[in-house]
Protein chains: 2
Amino acid sequence: MSKSDGLPILHESYACCTPLAREPMDARQAATVTGLLKALAEPVRLRLMSIVLSHEGGEACVCDLTDAFDLSQPTISHHLKVLHEAGLLDRDKRGVWVYYRARPDAISALGALFSLPAPRV
Amino acid sequence: MSKSDGLPILHESYACCTPLAREPMDARQAATVTGLLKALAEPVRLRLMSIVLSHEGGEACVCDLTDAFDLSQPTISHHLKVLHEAGLLDRDKRGVWVYYRARPDAISALGALFSLPAPRV
DNA sequence: TGTCAACATAGACACATGTCGAAGTCTGAC
DNA sequence: GTCAGACTTCGACATGTGTCTATGTTGACA
């Protein structure tokens, strides 16, 4: 019943993403996908994802991330929580430091969502 | 000085999207990309895109789209405007009807954004 | 045990956003 | 010209969201 392991919600979100152009998306699937998109549709959070993804070792601690912005530490912490709850970042506490790591399956699910069918000539 | 042709803003947004994991994204680029993501991070708009993309001929008129939702027609019109201003939908008025068509370049730009580097073994 | 540092949570506030009904703008038909 | 229909725009309202300061929690260390 621990709540620090893995992601809290959206366990199914990674298998959610059939291409947008494949067939009309129903309301339930749209709600699931927008859970991911809303988390990313914010400049600070998008940059946070980008920093984590391109950081050495594929992970970054909160201190690294806070330094990259002219925002308060609680604000960065809030954004990281949003990304984590959306299933985009994994959280790993090591000693006093907390490291965040991107979930490749979530990213690739979004890549699949925006894949287009082969152009009809 | 016409304002009905093409898309009003974000002309450069299609070339914007280097992969998220490539390097830390700067604030300006993040703002551009979130322009696209914010437009899509709403269930009704995501479904609208999906319907237009999978509709016969790749386009749909407002009447088709309004029927698919239990929302007022002005609300659908508002969402279509948001998608159009983000550069995701093209608008084409033919007689009394208005047809919307997805911009494949916008979709594929987002696909590129979420493409991951080859996994390092 | 006490203290410090890293991070999270709580509460408050301003601002953005989704929705609606009402009114406006075109376009085609009579 | 006038009317009807398809769609957009306007103004209002409730709700959601990003930010802050203040406070809480947790782990390392003397």
Quick one: does any side-chain atom of A/Arg45 pair with a main-chain N or O of A/Lys38 as donor and acceptor, under 3.5 Å? yes
I'd like to know if the side chain of B/Ser50 reaches the main chain of A/Glu23, judged simply by a donor and an acceptor atom lying under 3.5 Å from each other, with no hydrogens or angles considered. yes
Short side-chain N/O contact from [X] to OP1 or OP2 of [N], under 4.0 Å:
| X | N | answer |
| --- | --- | --- |
| A/Arg94 | C/dA6 | no |
| B/His79 | C/dT19 | yes |
| A/Tyr100 | C/dA8 | yes |
| A/Ser72 | D/dC20 | yes |
| B/Thr75 | C/dG18 | no |
| A/Arg91 | C/dA8 | yes |

Grab the NZ-C1' distance between B/Lys81 and C/dT25 for me, whole Å please. 13 Å
So that I can tick it off, tell me whether A/Asp90 and A/Arg103 are bridged by a salt bridge, with the cut-off set at under 4.0 angstrom between side-chain N and carboxylate O. yes
Could you say whether A/Glu42 or B/Thr66 is positioned toward the 5' end of DNA chain D, judged by the nucleotide with the nearest heavy atom to each? B/Thr66
Assuming nearest nucleotide by heavy-atom distance, tell me which of A/Trp97 and B/Tyr99 is located more 5' along DNA chain D. B/Tyr99
Between A/Ser77 and B/Lys38, name the one whose nearest nucleotide on DNA chain C is closer to the 5' end. A/Ser77
Would you call the rings of A/Phe114 and B/Phe114 parallel, tilted or perpendicular if under 30° counts as parallel and over 60° as perpendicular? parallel
Students often get this wrong, so: under 4.0 angstrom with heavy atoms, is B/Leu71 touching a base, only sugar-phosphate, or nothing? sugar-phosphate
Which listed nucleotide (D/dG5, D/dC7, D/dG18) is nearest to the side chain of B/Val62? D/dC7
